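Here is the structure we will look at.
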Amino acid sequence: MLAATNPTEEHVHSTFASRYVRAPVPRFKMPEKSIPKDAAYQVIHDELMLDGNPRLNLASFVTTWMEPECDKLMMAAINKNYVDMDEYPVTTELQNRCVNMIANLFHAPVGEEETAVGVGTVGSSEAIMLAGLAFKRRWQHKRKTEGKPTDNPNIVTGANVQVCWEKFARYFEVELKEVKLKEGYYVMDPEQAVELVDENTICVAAILGSTLTGEFEDVKTLNELLTKKNEETGWGTPIHVDAASGGFIAPFLYPDLEWDFRLPLVKSINVSGHKYGLVYAGVGWVVWRNKEDLPDDLVFHINYLGSDQPTFTLNFSKGNYITHSYISLYYFLFHTLVIIIISGSSQIIAQYYQFLRLGFEGYKNIIENCMENMKVLKQGIENTGRFNILSKDIGVPLVAFSLKDSSKHTVFEIAENLRRFGWILPAYTMPANAQHVAVLRAVIREDFSHGLAKRLVAHIEQVLKEMDGLPSRLQHKKTERETQEEVFKYWKRLVDRKRAGVC
Ligand SMILES: *Cc1c(COP(=O)(O)O)cnc(C)c1O
């Protein structure tokens, strides 16, 4: 009471000794009174100290460091609403340039001076919804013109797909037909995938950089096998490539690897700008091979911002103004208002900054460095003699590893114990039919160094040593497989909660 009536007195208190910081924080009801800005800052700042350190979070592919110059540009744009394309035409232009550059990097058949078809999103998850929807609509058109039913669309993927595909399937009522994995083989087998394809398949989704092991799927073989099947059946089933993590790896490290629009059946590709596109969280991209691959009726006119309608037209000669249509599409599909956060202007600007600043040379350098650090870490982990390495040298720079012997202790305990040093490594079980295999994964990002790799290995060794001296939390079983299954059951509850963190 006193403080509120006599603000000058309040100013002489130390922030921590002031009543604002001494009182419990409000959690349910908006406080009656205002408090000084420095007290508000301190309260929130201090609570956030208890979050993990993003730089030591090796669970995530998402960028945790950018150059200060770029931070400055992003801060300057933080008050621009990207949706207002009319008011911020330059930001829109930067988005279009990014789409063009990405389409070009992925060998889309567009001319030198031609605009590509694509859009910036909040991440690959949103990009995948959009791409999946385009496939669904194209398939429906085709079926209708053939006088066939359109009620049972399906999509074929590996069981290793990221959770956003499951979301797409559920939200947009498409059956997800998954190719099962097996021990020692953790990506989609193209042969089995093509076997699963039927007349209701809207597309086969291949992953460039499996989230679980970083391994690239064999899109070229998939394209060959599917071409053959299409010739026999006339179904014309297309391919989508989920290159969320690998889209900014493969072009720089393996330029001869054919996984993109060089393969005729690949009609759309998504990539996360906030993974190896090297931008902070909140930007992804989807590009289509050409405008025929994006059905016209997915795009229509609205004027909820009160500006000229033509702004909202999908205009291919100008390109890339799809985002608004996406919103209207949601209105249309759900007959209700769904609020979608469109990637902010800052993220789009940051993406353009990275393309301009780094160029092909810069990206190649950074990715090569990530690969070198991955190898240092992998070697160190192998040298402990206690782990099998599941990730491959060709793929996304990450190390996925499982314990050779988990009869006494598990990767989950290792993950738990590494938290003590600040390291965040996810431990998870593989999808069907390899769910008895439990792994740890460390994603290598630009800001991870040789020195940190060595420290992590030392900490893993220390944790192993300590664990060896502790009694087992598990019941003993006979075989390795039974033991692993026991592990799986034991940790299932935790893992179910943790899956969301593996992205
Ligand atoms: C990360 C990831 C996604 C989801 O991407 P966001 O950009 O986080 O939305 C989808 N697929 C794969 C293969 C991924 O690695």
Side-chain angles (χ1 to χ4, degrees), residues 54 57-64 98 102 106 118-133 155-171 176 178-179 181 186-188 203-219 222 239-250 259-260 266 268-287 326 340-344 347-348 350-351 367 370 391-392 395-398 400 426 428 430-431 439 441-445 498-503:
N57 177 7
L58 306 189
S60 176
F61 291 94
V62 176
T63 302
T64 45
C98 288
I102 293 166
F106 296 169
V119 67
T121 61
V122 272
S124 281
S125 306
E126 187 194 354
I128 283 165
M129 304 284 155
L130 198 43
L133 213 41
I155 202 161
V156 173
T157 68
N160 52 317
V161 281
Q162 215 259 2
V163 63
C164 65
W165 285 97
E166 292 165 37
K167 282 190 191 166
F168 167 74
R170 205 175 301 170
Y171 296 168
L176 200 61
E178 292 182 341
V179 178
L181 311 182
Y186 304 111
V187 288
M188 177 176 76
C203 81
V204 180
I207 312 173
L208 201 78
S210 168
T211 318
L212 306 172
T213 59
E215 188 173 346
F216 291 161
E217 291 184 342
D218 187 350
V219 194
L222 176 68
I239 297 173
H240 175 87
V241 183
D242 176 0
S245 58
F248 287 119
I249 305 277
W259 62 275
D260 54 14
V266 174
S268 50
I269 301 175
N270 67 277
V271 63
S272 296
H274 56 217
K275 292 185 177 175
Y276 293 95
L278 308 176
V279 177
Y280 293 135
V283 62
W285 303 93
V286 52
V287 282
Y326 189 33
I340 301 177
I341 309 156
I342 304 294
S343 55
Q347 270 75 5
I348 299 281
Q351 184 75 79
I367 306 299
C370 289
S391 42
K392 300 276 166 18
V396 180
L398 63 83
Y428 49 88
M430 289 296 201
V439 300
R441 190 193 67 187
V443 173
I444 310 301
R445 295 188 303 266
K498 278 191 165 178
R499 264 201 105 161
V502 190
C503 56

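Numbering of ligands and ligand atoms starts at 1, following listing order. Since the model is a prediction, treat every value here as computed from it, not as a measurement.
- Of the possible polar contacts, one joining the R445 side chain to the N57 backbone as a donor-acceptor pair under 3.5 Å is found.
- For a threshold of 3.5 Å applied to N or O pairs, the pair formed by S124 and ligand 1 contains at least one separation below that value.
- Near D242, with a cut-off below 4.0 Å to any heavy atom, the atoms of ligand 1 are 10 (C), 11 (N), 12 (C), 13 (C).
- The distance from atom CG of D242 to atom CH2 of W165, rounded to the nearest 0.5 Å, is 6.0 Å.
- For ligand 1, none of its N or O atoms has an N or O atom of Q162 under 3.5 Å away.
- Judged by the shortest distance from any of its heavy atoms, C164 lies inside the 4.0 Å radius around the atoms of ligand 1.
- Of all the heavy atoms of A127, none lies under 4.0 Å from any atom of ligand 1, so neither backbone nor side chain is involved.
- The distance between the ring centers of H274 and W285 does not fall below 6.0 angstrom.
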Under the side-chain contact (heavy atoms from CB on, under 4.5 Å) criterion, do V271 and F106 qualify, and how do the steps go?
CA-CA 10 Å; V271 63; F106 296 169; 4.1 Å; yes

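- Remark: L278 CG to T63 OG1 distance equals 5.5 Å, nearest 0.5 Å.
- Counting only heavy atoms from C-beta outward, the side chains of I207 and F216 never approach each other to under 4.5 Å.
- Of all the heavy atoms of E126, none lies under 4.0 Å from any atom of ligand 1, so neither backbone nor side chain is involved.
- Atoms of ligand 1 found under 4.0 Å from any heavy atom of S272 (numbered from 1 in listed order, with element): 5 (O), 6 (P), 7 (O).
- Side-chain contact of E217 with N160: a donor-acceptor pair under 3.5 Å is present, judged by distance alone.
- Two residues are said to be in side-chain contact when any heavy atoms from C-beta on lie closer than 4.5 Å; P54 and V62 fail this criterion.
- With a 4.0 Å cut-off on non-hydrogen atoms, A244 touches ligand 1 through its side chain and not its backbone.
- Atoms of ligand 1 found under 4.0 Å from any heavy atom of T211, numbered from 1 in the order shown, are 12 (C), 13 (C), 14 (C), 15 (O).
- Under a 4.0 Å criterion applied to the non-hydrogen atoms of I207, ligand 1 contributes the atoms 13 (C).
- The shell of residues lying under 4.0 angstrom from ligand 1, judged by heavy atoms, includes H274.
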